[in-house]
**Student:** 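Sending over a structure as structure tokens; questions will come in a sec.
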Amino acid sequence: NMILDKLCKTDSIGVALRIYEGLDEKCEPDVVTFNTLIHGLCCSGRLEQALEVFKQMDDRWCVAKNSRTYAALIRGHCKFGKLEHAQMILRAMEGEPDLICYTNLIQGLCRTRRVSEACVLVDEMVSRGCKLDVVTCNVMVDGYCKAGRVEDAWEFIDRMLDVHGCHPDTVTLTTVVTGLCRTRRLGKALEMVLASERSLTSVGLYNVVISGLCRVERVEYAVEMVKLMVQRGYSPN
RNA sequence: UGACUCGGUACAAUU
């Protein structure tokens, strides 16, 4: 399994598949083997093959699927535009989808600007007692931002501790500041960065604001930001 | 019986 995984992650899925095909009763594939192959196939867009291997789990080897199996399939289908298939896969799961299966589908919906459908899934998670974590929250924040709904992102962040029990982290902040900069709300972006505690800031965050300021032709402010980040102990890269 | 191996998020410019 370790070797198959490395092969899949170094673009040698063909080799991995040949090894898999050579397995027999003396060395049977287990759920990790299948998850590894399915993940590799999904990442490279070979979705039909992934589904074929998925089918063989039952038909040929009687290996039970787990939530990682589904998470890989859902992400792959989302990544390559098969949103409806991804939804069907999640709905076809025996047992309830876990946090990551939901997160993958939510991201797929968000990336295609179907944020309201993503919200429905969030509600479903909450009602099923599947708690969101900070990654899922960040996916929602990014979804709002990329759909041009930065205010909604802002509001989500405002309530994420109370509603979901998650503290905004450095990714949350970078995500929303990026959204503010792209929509040319530099004042608000600056305000947020300046008000944030140090543990949430980063060189990347300053870069986002600096490029945003340049984009709106406020180069003098950009220069000030560089000075400020240096003052705060960051090295411009 | 146990160990090991597999799944999810943001961030320069250009377009």
Side-chain angles (χ1 to χ4, degrees), chain A residues 1-9 13 16 19-20 27 29-43 50 53-54 57 63-79 86 89-90 93 97-111 118 121-122 125 130-146 150 153 156-157 160 164 166 168-182 189 192-193 196 200-215 219 222 225-226 229 234 236-237:
Chain A
N1 289 340
M2 293 186 293
I3 289 170
L4 291 177
D5 190 46
K6 295 322 156 205
L7 286 170
C8 286
K9 287 177 179 160
I13 306 180
I19 294 173
Y20 160 68
C27 178
D30 66 3
V31 66
V32 176
T33 315
F34 284 103
N35 291 349
T36 302
L37 293 171
I38 290 170
H39 182 252
L41 289 166
C42 282
C43 285
V53 171
F54 178 73
M57 291 180 79
V63 170
K65 301 142 178 154
N66 66 19
S67 59
R68 292 185 183 212
T69 322
Y70 289 99
L73 283 171
I74 291 167
R75 188 158 106 102
H77 282 76
C78 286
K79 181 173 175 194
I89 291 166
L90 182 127
M93 288 178 68
D98 75 355
L99 171 66
I100 296 183
C101 291
Y102 273 118
T103 303
N104 289 352
L105 183 53
I106 287 170
Q107 187 183 28
L109 291 166
C110 283
R111 290 192 50 135
L121 283 179
V122 168
M125 289 174 74
C130 178
K131 287 192 185 154
L132 279 71
D133 69 2
V134 69
V135 174
T136 318
C137 289
N138 288 343
V139 167
M140 286 301 299
V141 170
D142 193 43
Y144 281 124
C145 287
K146 298 229 163 94
V150 188
F156 188 95
I157 291 170
M160 68 188 253
H164 301 294
C166 299
D169 68 4
T170 162
V171 173
T172 322
L173 182 62
T174 306
T175 304
V176 70
V177 168
T178 301
L180 289 166
C181 287
R182 284 196 180 129
M192 287 200 66
V193 171
S196 296
L200 298 183
T201 63
S202 67
V203 173
L205 179 66
Y206 282 94
N207 287 347
V208 168
V209 177
I210 290 164
S211 67
L213 288 166
C214 291
R215 189 181 305 127
V219 187
M225 282 306 279
V226 176
M229 70 185 280
Y234 291 106
N237 62 15

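In what follows, every chain begins at residue 1, and chains take the letters A, B, ... in the order their sequences are listed.
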**Student:** What is the distance, rounded to the nearest whole Å, between atom OH of A:Tyr102 and atom P of B:U9?
**Tutor:**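 To the nearest whole Å, that distance equals 19 Å.
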**Student:** Would you check, one step at a time, whether the test side chain to side chain donor-acceptor pair (under 3.5 Å) holds for A:Ser196 with A:Thr201?
**Tutor:** CA-CA 7 Å; A:Ser196 296; A:Thr201 63; over 6 Å; no
**Student:** Without decimals, in angstroms, what is the distance between A:Lys146 NZ and B:A10 P?
**Tutor:** 6 Å
**Student:** Can you tell me how the ring of A:Phe34 sits relative to the ring of A:Tyr20, calling it parallel under 30°, perpendicular over 60° and tilted otherwise?
**Tutor:**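 Judged by the thresholds at 30° and 60°, the geometry between A:Phe34 and A:Tyr20 is perpendicular.
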**Student:** Can you tell me how far P of B:A10 sits from CD1 of A:Ile157, to the nearest Å?
**Tutor:**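 After rounding, the reported distance stands at 15 Å.
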**Student:** Listed by chain and number, what are the salt bridge (charged side-chain N to carboxylate O under 4.0 Å, His left out) partners of A:Lys79, not counting sequence neighbours?
**Tutor:** none
**Student:** Measure from NZ on A:Lys79 to P on B:U9 and round the result to the nearest Å.
**Tutor:**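 Atom NZ in A:Lys79 sits about 10 Å away from atom P in B:U9.
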**Student:** Using the side chain to side chain contact (heavy atoms under 4.5 Å, CB included) criterion, which residues pair with A:Asn1? Sequence neighbours excluded.
**Tutor:** A:Leu4, A:Asp30, A:Val32, A:Thr33
**Student:** Taking CE from A:Met140 and C1' from B:A10, how many angstroms apart are they, rounded to a whole number?
**Tutor:** 15 Å
**Student:** Can you tell me how far P of B:G8 sits from CD1 of A:Ile38, to the nearest Å?
**Tutor:**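 Taking atom P of B:G8 as the reference, CD1 of A:Ile38 is at 14 Å.
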**Student:** Treating primed atoms plus P, OP1 and OP2 as sugar-phosphate and everything else as base, which nucleotides of nucleotides 1-7 of chain B get B, S or - for protein heavy atoms under 4.0 Å?
**Tutor:** ----BBB
**Student:** Between A:Leu99 and A:Lys131, is any pair of side-chain heavy atoms under 4.5 Å apart?
**Tutor:**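 No. Closest side-chain heavy atoms not under 4.5 Å.
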**Student:** Within the structure shown, what part of the strands sits under 4.0 Å from A:Thr136 by heavy-atom distance: base, sugar-phosphate, or nothing?
**Tutor:** base
**Student:** Write down the distance between CG (A:Asn207) and C1' (B:A10), rounded to a whole number of angstrom.
**Tutor:** 13 Å
**Student:** With a 4.0 Å cut-off on heavy atoms, is A:Thr178 in touch with a base, just the backbone sugar-phosphate, or nothing at all?
**Tutor:**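 Touches sugar-phosphate only.
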**Student:** State which residues pass salt bridge (charged side-chain N to carboxylate O under 4.0 Å, His left out) with A:Asp5; sequence neighbours excluded, sorted by chain then number.
**Tutor:** A:Lys9
**Student:** Quick one, A:Asn35 with A:Thr69, criterion side chain to side chain donor-acceptor pair (under 3.5 Å). Give me CA distance, side-chain angles, the key distance, then yes/no.
**Tutor:** CA-CA 5 Å; A:Asn35 291 349; A:Thr69 322; 2.6 Å; yes
**Student:** Which is true for A:Arg111 with a 4.0 Å heavy-atom rule: it touches a base, it touches only sugar-phosphate, or it touches nothing?
**Tutor:**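 Answer is nothing: A:Arg111 stays at 4.0 Å or more from every strand.
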**Student:** Got a list of protein N/O to nucleotides 13-15 of chain B N/O distances below 3.5 Å?
**Tutor:**
from: B:A13; atom 1: OP1; to: A:Arg215; atom 2: NH2; distance (Å): 2.1

**Student:** Quick test of your reading: applying salt bridge (Lys or Arg N to Asp or Glu O under 4.0 Å), list the pairs with at least one residue in residues 63-73 of chain A, sequence neighbours left out, ordered by first then second residue.
**Tutor:** A:Asp58-A:Lys65
**Student:** Can you label the angle between the A:Tyr70 ring and the A:Phe54 ring as parallel, tilted or perpendicular, going by 30° and 60°?
**Tutor:**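 Rings of A:Tyr70 and A:Phe54: perpendicular, as their planes differ by over 60°.
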**Student:** To the nearest angstrom, how far is A:Ile106 atom CD1 from B:G8 atom P?
**Tutor:** 16 Å
